[in-house]
Structures are given as C-alpha cells and as structure tokens.
Amino acid sequence: MSKQPYQLPDFYVPYPARISPHLEGARAHSKAWAYEFDMIDVPQQGKAIWDEHDFDSHDYALLCAYTHPDATGPALDLVTDWYVWVFYFDDHFLELYKKTQDMAGAKAYLDRLPLFMPVEGPITEIPENPVERGLVDLWNRTVPSMSPGWRQRFIGTTEALLAESLWELTNISAGRVANPIEYVEMRRKVGGAPWSANLVEYASNAEVPVEIAGTRAMQVLSDTFSDAVHLRNDLFSYQREVETEGEVNNGVLVVERFLGCSPQEAAEVVNDILTSRLHQFENTAVAEIPPLLAENLVGPQGQLDVLNYVKGLQDWQSGGHEWHLRSSRYMNNGGKAALGGPTGIGTSAARILQSLVATAPYRIRSHTFTPFQPVGATPLPGFYMPYSAKRSPHLDAAREHLRGWCAEMGLLDGVVWDADYLEANDLPLCAAGIHPDASPEALNLSSDWLAWGTYADDYYPIVFGRTRDMTGAKATTKRLSDLMPIEGPAATVPVTPLERSLADLWVRTAGPMTVDQRRDFRAAIDTMTESWLWELANMSQNRIPDPVDYIEMRRRTFGSDLTMSLCRIGHGRTVPPEMYRSRPIQAMENAAADYACLLNDVFSYQKEIQFEGEFHNAVMVVQNFLGCDRDKALGLVNDLMTARMQQFEQLVAVDLPTLFTDFGLDDEVRRTLLGYAEELQNWMSGILVWHAGVDRYKEPTLLARAGEPAKQLRVLGGATGFGTSAARLPRPRHLVGASRMDGAL
C-alpha cells in the first residue's frame, strides 16, 4: 500500500486485551472449514475471492481468540467459522456485486439468504454457493443450543447485515457519501456488530433474559458496542476501502466530506465519537442495568448472564482493537495506537492509563454543567427549507376550542401553565401548519394533542425534577399508560389535570381505531413519556448525554412517534405494514424528525439553558462534545439540519420510486406513501412557521415568566415543549474553527 493517509489517533482502550488458549485449534479448524466450503482458491463466477495467503494473513481465528478469550474450544471454533463466513460474504459481495454495481443480481442474491435461517424447522432450500452452503452448516450447528428469542434476534441482525448491503451499493453507484447521522444509523445495520453482540451471548454462554432483551438499556449496550466497533474499523480500513476499493461508506470519509477537512482531522473526530460511545456504554452498564434487573425481578442466574454479556462486549472491544493492530487487512503501520512500541498482550494494559488521561476532559465536562448560564438571545441562522408552509382555514376556531378545552381539563391552574402562557404557546398555529387540510374537528383534536404533549413535557421537570423524584415520575408514567386501554374502559381513574386530559384524548382518538392501531398508538405515547424519564435520570447525574444517544432519544422526547403515528392511522389499511418498516420509509421519518428536533433546539436554546437550567439541547450537546462556544455549535447544528433535509429530498425523489418498483406497489399505496411524504413536509415547514411566530421562545416572554413564583420550580427541573429538550451529533475539539461551519456563521 502507499503511504498512510493519516496517523492513527490515540484510541480509548479501557480494558486489557486477553487471548484464548484455544487459538491454534481455531486456526486449524477454521482453515479446514473454509476449504471444505470452497472459500479458498475457488473462483466465483470467474472472480477470485480468497487464496490461502489472503486467509492466513487476515487471521480471523486471532480476531475471535482476542474477542472471545473465555470461550471453550468448540465454541471458539464455531464462532470463528461464523466470522470467516461473514468476512467471506463481505468480500464475495464486493467482487460480484459492488464492483460490478449489479443491483438486480445483488437483490436476488440477498433475498435467498434468509431462507437458510428458519426460526423453527429444517432448512428446505438447496444452497448454491459457498456463502449459502456455509450458512446452512453454521445455522444447523448453532441454533440447537439457543432459545427461540435469541434465534429471532440473530436472524434480525443477520438479515440487516445482508439486506442493507444494498444501501452501500446504492451509495457506491451514485457516488454518494452519507451525512453523519444517517451513516451512524445505517453502519449499525450493515457493519455487523449487532450480529457480533448476539454471538457474544453464544460464546459466553450468557443469553440475555427475554424479559429485558428489548429494553432501551440493553439496546443502548448493543448500539454503543456496535458504533465503537464500526468506527474503529473505519479508522483502520480507510486506506484499503477509500483509496483502493473506491468505497464511499466509511466514517472517516463521511466526516471529511461533511466538515470539509483533512483525513487526519476527520480521523480525530471519528475517534472522539468512538470514545464518546464507549463512555455511554460504561454509563449505561453502571447506572441503568442494575435498576433494570431489579425492576424486572431478574433472578440470580439472569443477573449473572447479563454481567457476563457486558464483560463479553468489553472483551470484544479490546480484543478487536488488538486484532486490527495485527491483521494485514488493515492500515496499522506506525500509528499512535502502538504507543511507539510493541503491541499485544501486556502492552494493551499499559494503554489503559493513557486512555483514561486522554479522555478525562470530555468525561469531566459532561458532568459539570452549570445551570442558568446567561446566554442571551440566540442568533437564528438561515434555515434550509425547500417546502412552502400551508395553513388551515380553521385556525381561529381551533384557538377558541383549545382555550375552552384546557380550562375544562384544569391545565391552566397556574402551576405549570396559565391562560397567558397558553396564548404564548399558540399550539393551534402549529397544528394548522402540520395538518392544513384537516377538518375543524380533526384540527381541534390535533391542537389538543399538541397542548397535552407540551404541557406534559413541562410538567415532568416541574413536579419531579426539583426533588429528583424518579419513583414518582415512574409511577406517573405507568398511570398514564394505564389510562390508554387497548380494549374496554380504563381501570385507572384520572386524578390530575395531566391524567384527565389524556383520558379525554384517548377516548376521542382511540375509539374509532382497530385494536392493532390502538396498540401501536399507545406505544408511541409510551415511548414519549418514558423518554422524559431518561431526561430526568440525566439531570440527576448532571450528565450531558452522548451526542449519538441524544439525537436518537431526541426523536422520542419530541414526540415524533406520536406525530407520525397519527399520520399513519389516517392512511387506513391501504399500506402493507412491512412498508413502514422498510429502509426508505424509516429513513424518511428519521430525517424529518431530526430536522424538526434540531430546529426546536435552536429556537429553545436560551429558554432551556438560561431560564430552565436544562442541557438537553443539541447546541449544548455539541458545545460540550467539542468544547466550543455556542455560535460554532449553532453553525454545526444548522449544517446537520440542512444535511437531513437534503437527505429527505433525495429519499422522496429517488428511494421512494425505487421502493414502489421493487415491491410492485399499486397506485393506491403509492399515492398514500407520497401523501405521507407530503405530511412530513408539512410537519417540517409548519413547525418552522410556528417557532418563528410564537412568543414561547422570545426573550421578553422568558424574562417576564422568570419572575413568577411557579417558574422557580420550572428552572430546577428542565424540559420545554412537545419537542424542546433534545439530541444530536458531534464535531471535534481540534476542528473548531476549521471547517465550513465557520462560513455558515
């Protein structure tokens, strides 16, 4: 290879790497297995994939011996075979489909692979190539010892790993480099680390208990593990992928293009994100897992399994790093990672202290937020908004209705809201932009939901934030969920204005729904209310969240699921449910949600930081991550908004039509999904008009309300409105002042 494009950064490696005593046995076994399934020295469709030298130099047995140091000999053999298979698949797909850009052949190839992973019963399809034959053998050897729940999870991560390769291929064909938020999200699917996390359960003989497998905390462990694995791999593989293979799906390249900086600077940024994800992993393991186990009454064996699983993920991080330093597959000559000396067991432990010292400033900064900082009015940037805002003709009637409804429900008691603040919020203006074609009754209902969500988001910090009453907050959240029965009347009697208003809305909204629609709709509301507990937990730790975790949780705290659920219900039954789970639709929803959330964070910055003592705001998260000032962080947040909007445009113009063709959707479904895209456009353009037009975020209103006694409670808690406290991405300390962000200011 040519000269390295950058020097490897100082990695955060907080755990010592260890190696399995069964390494040589796994090397011999995996090589024989690869020969048995024609993965070595057997060209595929005339293209050479691996020869013996390739296989030996990649040394996948060494990877597995490092990443699963405590596995038994037979378990290590099987896990190593899985890794041989997945790397062979990656290179097989590269040669046959990525380099040739054969989209049709790639889709047909990927569509067959799930046939060789049935949850129950035997495999009936006949395998036709080394990838399929290897998968049959691996599946039959693995599933007998694992539960149906694990099998389902493993199938899901394997299918994502395979199917989303088409996303990579599409980007290569179009020469398109993803934006940072999109990249982290998609890399998690195509990179394979969630798949690796499932294999940690197998190798450690430590299945995650079914009762907690789907919880946020366990998902965060998997996500943070995955992001760190993938970003580390991107740092080591940039030269091979970008310079040799013409790959565009690499995190260093993504940051390089987004910030307009050098590869070295981009590598430092990626390493900062990697470090932040590992900090998030540690915080989740220490602060969230113990109460999760207690609340779900997980028994002693289940607790031990979870601890061994966490330890297995930690071993993987350190072992994977050691392997990257040794494998000929990657760029690893003369980097800082070697600390100027040898690598391997013994030297990895020496790197721990340096890792802790190097990352201490960010860790300390994240726990030392000073509330109520005087920041002044926020200078609004020029927002990119390609869609014209619309407005319902029923706006004035909706305003009149909302005044009466809020008074009737008791929401204007002067503790959280009063009549003047209701007028300052003008939520019917927001509803009129989001649903410009709604009937008068539908616009009233939309206004009521926006008012309830905003009131509730204000309520939690006022009532629970001051006293750090997590027990009370969790009890309230449970009661709110109980007030939304799937079938029959609610068994819980509403007591507070918050509860009475939700009970009223549930009856009015859920009554005409099917049982499945009610279940999905309640889940959307539960997602929002439970996310406010996450905010309260961060406030109790005085911990500014990790930027990736923040942006993903911000969609929940903003009520994005609720907004989109209301839209989907209006579609009736015309759209097959699997369409809403497809990549283009989910990507479209997330891009729209991120634009809306980031927009809110810009407008609410002074309100939250100065008047509420709150730090759940994207601008503040970026400030903390980079150690930069507000204006530089504001410029980056606006860049992210623009990137997400441009991605939304591309999805509507290119990806949706492709989806229609690939699935042979009829005209009615096509019209519904295009209408859904227009609804999301109205959402984004409508809330921009609302934020700019209401008094809620303006300094005179904030100053006037700061003197009211009730607001002394507010500032001790935090939160804001139906999307005020928030989440976003990062940018590096060393690049502050160095990229196109400055031009935006």
Side-chain angles (χ1 to χ4, degrees), residues 369-381 383 399 402-403 406 411-430 450-451 453-466 532 535-536 539 544 554 557-559 596-624 629-631 633-634 637-638 687-727:
F369 173 75
T370 303
F372 316 120
Q373 305 167 38
V375 296
T378 306
L380 297 177
F383 298 113
R399 284 171 170 152
L402 186 63
R403 282 191 286 267
C406 287
L411 299 178
L412 308 181
D413 58 9
V415 175
V416 180
W417 281 7
D418 55 26
D420 289 341
Y421 199 51
L422 176 65
E423 298 299 319
N425 291 338
D426 198 8
L427 291 157
L429 175 64
C430 188
L450 288 172
T454 307
Y455 175 92
D457 195 21
D458 285 347
Y459 177 95
Y460 268 65
I462 291 175
V463 176
F464 306 117
R466 178 188 183 189
W532 298 335
E535 290 184 317
L536 290 174
M539 295 294 287
I544 299 176
R554 184 64 176 111
T557 64
F558 192 69
C597 296
L598 290 167
L599 174 72
N600 178 269
D601 285 356
V602 171
F603 275 93
S604 64
Y605 180 81
Q606 183 184 20
K607 176 179 181 292
E608 294 177 335
I609 306 305
Q610 181 172 337
F611 292 93
E612 297 176 352
E614 171 66 274
F615 51 67
H616 290 96
N617 182 289
V619 180
M620 176 52 67
V621 168
V622 171
Q623 278 184 257
N624 175 69
D629 63 24
R630 176 201 64 186
D631 290 349
L634 184 65
V637 169
N638 190 40
I687 67 164
L688 175 57
V689 169
W690 177 71
H691 278 88
V694 298
D695 293 334
R696 178 180 174 88
Y697 306 106
K698 294 178 181 175
E699 192 170 42
T701 299
L702 298 173
L703 290 169
R705 286 179 60 77
E708 299 179 22
K711 301 312 171 278
Q712 303 310 311
L713 297 178
R714 172 191 297 297
V715 297
L716 290 169
T720 63
F722 200 38
T724 314
S725 17

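Both backbone and side-chain heavy atoms feed into the values below; hydrogens, waters and symmetry mates do not.
- When side chains are defined from C-beta on, Val637 counts as touching Val602, because their heavy atoms get closer than 4.5 Å.
- The side-chain hydrogen bond (donor to acceptor under 3.5 Å, both in side chains) test with Glu423 is passed by exactly one of Arg399, Arg403, Arg696: Arg403.
- Across all non-hydrogen atoms, the minimal contact from Leu536 to Pro461 is CD2-CA, 4.3 Å.
- The CG atom of Asn624 sits 12.0 Å away from atom CG of Asn617, with the distance rounded to the nearest 0.5 Å.
- Thr378 contributes atom OG1, which lies 9.0 Å from atom CG of Asp631 (distance to the nearest 0.5 angstrom).
- Nearest heavy atoms, Asp601 versus Ala618: OD2-N, 2.8 Å.
- Annotation: the span from Thr557 atom OG1 to Tyr460 atom OH amounts to 13.0 Å, rounded to 0.5 Å.
- Separating the CG atom in Asp426 from the CG atom in Leu450 is a distance of 11.0 Å, to the nearest 0.5 Å.
- Within the 4.5 Å cutoff, the side chain of Val621 has heavy atoms near those of the Ile544 side chain.
- Residue Asp418 forms a side-chain contact (heavy atoms from CB on, under 4.5 Å) with just one option from Val416, Asp420, Val415, and that option is Asp420.
- Judged by the 6.0 Å and 45° rule, Arg705 forms a cation-pi pair with Tyr421.
- Listed here is the closest heavy atom pair of Ala633 and Val619: CB-O, 3.5 Å.
- Contact of the Phe615 side chain with the Met539 side chain is registered, since non-hydrogen atoms from C-beta on lie closer than 4.5 Å.
- Note that CZ of Phe372 is 10.0 Å distant from CD of Glu614, once rounded to the nearest 0.5 Å.
- For Phe603, the ring pair (Phe, Tyr, Trp, His ring centres under 6.0 Å) partners are Phe383, His691, not counting sequence neighbours.
- Here the closest heavy-atom approach between residue Leu427 and residue Ala451 is recorded as CD1-CA, 3.4 Å.
- Here the side chain of Gln610 pairs a donor or acceptor atom with the backbone of Gly376 at under 3.5 angstrom.
- Minimum heavy-atom separation, Met620 to Phe369: CE-CE1, 3.9 Å.
- The backbone N or O of Asp695 sits less than 3.5 Å from a side-chain atom of Thr701, completing a donor-acceptor pair.
- Under the 3.5 Å distance criterion, the side-chain polar atoms of Gln373 are left unmatched by any main-chain donor or acceptor of Val375.
- Formation of a donor-acceptor pair under 3.5 Å by the Trp690 side chain with backbone atoms of Pro428 is not found in this model.
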Could you go step by step and tell me if Tyr605 and Leu634 meet the side chain to side chain contact (heavy atoms under 4.5 Å, CB included) rule?
CA-CA 10 Å; Tyr605 180 81; Leu634 184 65; over 6 Å; no
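- Pairing each heavy atom of Leu702 with each of Tyr697, the nearest pair is CD1-O, 3.8 Å.
- Put simply, the side chain of Arg554 does not reach to within 4.5 Å of the side chain of Leu598, judged on heavy atoms.
- A side-chain N or O of Asp457 and one of Trp532 form a donor-acceptor pair less than 3.5 Å apart.
- One distance of note links NE2 of His616 with CD1 of Ile609; it measures 10.5 Å at 0.5 Å rounding.
- The shortest distance between side-chain heavy atoms of Lys607 and Glu612 falls below 4.5 Å.
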